[in-house]
Number of protein chains: 2
Amino acid sequence: MPARTRATSLPAPSRLDLGRLRNACSACSLRELCLPAGLEQREIDAVDRLVNRRRPVARREYLFRSNTPLQSLYAIRTGFMKTSVLHVDGREQVVGFHMPGDLMGLDAIGSSRHVCDAIALEDCEVCEIPMDKLELLSREIPALQAHFHRILSREIVRDHGMMLLLGGMRAEGRLAAFLLGLSQRFAARGYSSTEFVLRMTRADIGSYLGLKLETVSRALSRMQDNGLIGVRNRHLRIIDREKLQAAAAHCAGKAT
Amino acid sequence: MPARTRATSLPAPSRLDLGRLRNACSACSLRELCLPAGLEQREIDAVDRLVNRRRPVARREYLFRSNTPLQSLYAIRTGFMKTSVLHVDGREQVVGFHMPGDLMGLDAIGSSRHVCDAIALEDCEVCEIPMDKLELLSREIPALQAHFHRILSREIVRDHGMMLLLGGMRAEGRLAAFLLGLSQRFAARGYSSTEFVLRMTRADIGSYLGLKLETVSRALSRMQDNGLIGVRNRHLRIIDREKLQAAAAHCAGKAT
DNA sequence: CGCACTTTTGAACAGAATCAAGTTTTGTGG
DNA sequence: CCACAAAACTTGATTCTGTTCAAAAGTGCG
């Protein structure tokens, strides 16, 4: 057994532990999404121990609620979730849709309290990552630290993209960009990028895109009529990606 | 002289060095904004050494440009800046306004390249913080690490707020919320929260709020007529904060 | 299997964009 | 310091996109 060189939370090489192994990050299909590349074995083991447990979240259940103290971040293992905040007048505004491999709760770090509600759009399973342990471990594993910073930063970039979309595009362009974004995220996870299921309602999409649900419905119909997409209930197919991209680019409209 | 207990980038207690001292974070009026509380003296010294130098940025000059490699983050010491991204069709969209104490470049960490342009709205002075050194030092000073995470997270929260505003409020509400936000940020920096100068053009404000400059102008006029504010060129005064808050809350409109 | 929710579609309306002057401010060079 | 040109701002009239209101059809959950 190798000698431990200094006090650290890195574990000795793990023994066989089937119960843990089944849940291990090292065995997770989302590894590339969640973990930085190039970790040493004992670092991977440490990360495995970092992740507390898998936890199921039933459809319509809250993973966390606004104003609740932040204890853990959550990585989605399976399923689809949405995050939303409430307007002063009580209306709900969706601020994000989240799929397997996404890390949730990042916006709570600033105040140590959640600032949005996270709701499962279907039955989900999430990995719980205690925030304090994450900060501890990322001090010891520079690659993990850098990876975490990248994730935070990318969230900012994503939000800037949304600001762009909300501030400068019209209905059809927003929808086109939204669908292309989903497509890309599905592709990155190994799912079909041309055919997928919209797990959220039209109202959710509208809220996210700053549109009314009727407008979403109309825009989808029009895009279907023009042969860009096929929609049937929540099942969506991208038929002409070129045209869809053109719609997203061109429907920038509003010569801000 | 105290013995150094382990290899580290923390310096020995600094000697008198007037040139450095004048620029030191420890002497900076923005200390509370930039630095975590409760650092030990030698930690503060380390942070002082982290910040490379003050650098002037003339009005209209770029602090950094999109797609440029990220080397450093920048903290604004004096002056006002804006960040913007370009739409596919070349239109500029403002994604943020930045004032003393703000940290810029956070959105570049994800890709190691800047994803927006930063332009000085007036003559500025910024502190350059090399990213690699920051990550190094934050591994050694947990308080610094936590502070940095908080800053990143708060940026995400701020952006969510913008999404809310862009997605769910109408022109006058957006403007009211924008002005109140500015007011609050000025207050946090010790400036007047009721009377200040808008360093940006109406077009910049419009771009930021997803409105045309004419709409901004009209909304400002109307709010002036109704006694909420006083505007004279770029000089703005908040006359009736209650009503302004009501406008921001009530003009949520759009029953999304 | 039925009831509630979701979605589609239509018609009227409203808010903001666009187009168009005209005015004021600012910045520059003489 | 003034004059002039460019930029920024205000205001009005018109147009158009998206919202609102309304009703009917479709889905799927319990």
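Note that these values count all heavy atoms, side chains included, but never hydrogens, waters or copies made by symmetry.
Heavy-atom nearest nucleotides on DNA chain D were determined for A/Asn233 and for A/Arg222, and the one closer to the 5' end corresponds to A/Arg222. The 5' end of DNA chain C is approached more closely, in terms of each residue's nearest nucleotide, by A/Val231 than by the other of B/Glu214 and A/Val231.
The side chain of A/Ser221 contributes an N or O atom lying less than 4.0 Å from OP1 or OP2 of C/dT9. At the phosphate of C/dT25, neither OP1 nor OP2 sits under 4.0 Å from any side-chain N or O atom of B/Arg234. The phosphate of D/dG18 has neither OP1 nor OP2 within less than 4.0 Å of any side-chain N or O from A/Thr215.
Atom CZ of B/Arg232 is separated from atom P of D/dC9 by 13 Å (rounded to the nearest Å). In this structure, A/Lys212 atom NZ and C/dG15 atom P are separated by 14 Å, rounded to whole Å. One can place CG of A/Leu209 at 18 Å from P of D/dT17, the figure rounded to the nearest angstrom. Distance A/Leu175 CG to C/dT7 C1': 14 Å, rounded to the nearest Å. Spacing between atom CG of B/Leu220 and atom P of D/dC9 amounts to 10 Å, rounded to whole angstrom units. Across the protein-nucleic acid pair, A/Asp225 atom CG and C/dT8 atom C1' stand 12 Å apart, rounded to whole Å. We find that NE2 of A/His235 is positioned 15 Å from P of C/dT7, with the value rounded to whole Å. Rounding to whole angstrom units, CZ of residue A/Arg60 and C1' of D/dG28 are separated by 11 Å.
Between B/Phe97 and B/Tyr208, the ring centre distance stays below 6.0 Å.
Results of the ring pair (Phe, Tyr, Trp, His ring centres under 6.0 Å) test with B/Phe196 over B/Tyr191, B/Phe80, B/Phe186 single out B/Phe186 as the only residue that passes.
Here B/Leu213 lies in heavy-atom contact (under 4.0 Å) with a base. If you check every strand for non-hydrogen atoms under 4.0 Å, B/Thr201 touches sugar and phosphate atoms only. Residue B/Arg59 is in sugar-phosphate contact alone, with no base atom involved, counting any heavy-atom pair closer than 4.0 Å across all strands shown.
The pair B/Asp107-A/Arg154 does not meet the salt-bridge criterion, since no charged nitrogen lies less than 4.0 angstrom from a carboxylate oxygen.
Counting heavy atoms from C-beta outward, A/Met163 and B/Leu166 have side chains that approach closer than 4.5 Å. A heavy-atom distance below 4.5 Å is found between the side chains of A/Met99 and A/Arg189.
Side-chain atoms of A/Arg218 lie closest to D/dT20 of the nucleotides D/dT20, C/dA16, D/dG12. Distances were taken from every side-chain heavy atom of A/Arg202 (C-beta onward) to each of D/dT19, C/dT8, C/dT18; the shortest belongs to C/dT8.
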